[in-house]
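Okay, so here's the structure we're looking at.
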Amino acid sequence: MAAPGEPSEQALNAAALKFGLLSSPLRLHIVWALARRESDVTQLARRVGARPQAVSQHLARLKLAGAVRSRSEGRHQIYAVTDPRLTVVVEAMFKSPPLS
C-alpha cells in the first residue's frame with residue numbers, strides 16, 4: 001500500500017506503460033510531430049523521415065494505448081495526440097539537457 005501522497009501501484013504501472021510507448025525513437029518522434037500538428041500517415045512519414053508502413057504500425061500501437069486518435073477526412077485518417085500530458089513530457093525531454 002502506498003503512503004499518503006505517494007502514487008499507487010496502479011498509477012505507477014499506468015505511467016510506466018506511457019513511458020514505454022516513448023521508448024522507441026520513432027514513436028517518440030511521431031508523438032513530438034503530432035504534438036505540433038495533426039497529420040495523415042503520408043505527411044507524418046515525410047515529417048519524421050520514415051516509411052509510411054513503419055509509421056502506420058507505430059500509430060496503431062499508440063492508438064491502441066490511447067495516446068493518439070484518428071478521424072476521417074475524405075480518404076485519409078488524420079492523427080493527433082489525445083493526452084496533453086504526453087505532449088508536455090515529450091517537449092520537456094527536448095528542452096532539458098540530455099541525460100548521460
Sub-3.5 Å donor-acceptor pair from the side chain of Arg27 to the main-chain atoms of Leu21, do we have one?
-> yes
Grab the two heavy atoms, one from Ala50 and one from Leu26, that are nearest each other, plus how far apart they are.
-> CB-CD1, 3.9 Å
Side chains of Glu91 and Arg36: closer than 4.5 Å at any heavy-atom pair?
-> yes
Of the non-hydrogen atoms in Ser23 and Gly20, which two are nearest, and what is the gap between them?
-> OG-O, 2.7 Å
Glu38: what forms a side-chain hydrogen bond (donor to acceptor under 3.5 Å, both in side chains) with it, not counting sequence neighbours?
-> Arg71
Would you mind reporting whether Thr42 and Val55 have side-chain heavy atoms less than 4.5 Å apart?
-> no
With sequence neighbours excluded, what pairs up with Gln77 under the side-chain hydrogen bond (donor to acceptor under 3.5 Å, both in side chains) test?
-> Ser70, Ser72
Mark yes when over 12 heavy atoms from residues, nucleotides or ligands other than Phe19 sit less than 6.0 Å from its CZ; otherwise mark no.
-> no
Do Asp40 and Glu73 have side-chain heavy atoms sitting under 4.5 Å apart?
-> no
Could you tell me whether the side chain of Ser56 and the main chain of Gln53 form a donor-acceptor pair under 3.5 Å?
-> no
Under 4.5 Å between any side-chain heavy atoms of Arg37 and Arg47, yes or no?
-> yes
If two hydrophobic side chains count as joined below 4.5 Å and joins carry through other members, does Val68 share a cluster with Leu64?
-> no
With the 4.5 Å side-chain cut-off for hydrophobic clustering, are Ile78 and Leu44 part of the same group?
-> no
Are Met93 and Ile30 in one and the same hydrophobic cluster, where Ile, Leu, Val, Met, Phe, Trp and Tyr link if side-chain heavy atoms are under 4.5 Å apart?
-> yes
Would the number of heavy atoms belonging to other residues, nucleotides or ligands and lying under 6.0 Å from CD of Gln10 be above 12?
-> no
Candidates Leu62, Thr87, Thr82, Leu59 - the one meeting side-chain contact (heavy atoms from CB on, under 4.5 Å) with Leu34 | Leu59
Residue pair Phe94 / Leu28, side-chain heavy-atom distance below 4.5 Å | yes
At what distance, to the nearest 0.5 angstrom, does CZ of Arg61 lie from OG of Ser24?
-> 8.0 Å
Mind listing the closest non-hydrogen atom pair of Lys18 and Ala65 along with its distance?
-> NZ-O, 4.2 Å
Which distance, rounded to the nearest 0.5 Å, do you find between the CG of Asp83 and the CZ of Arg69?
-> 12.0 Å
Taking all non-hydrogen atoms of both residues into account, name the closest pair between Val81 and Val31 and its distance.
-> CG2-O, 3.8 Å
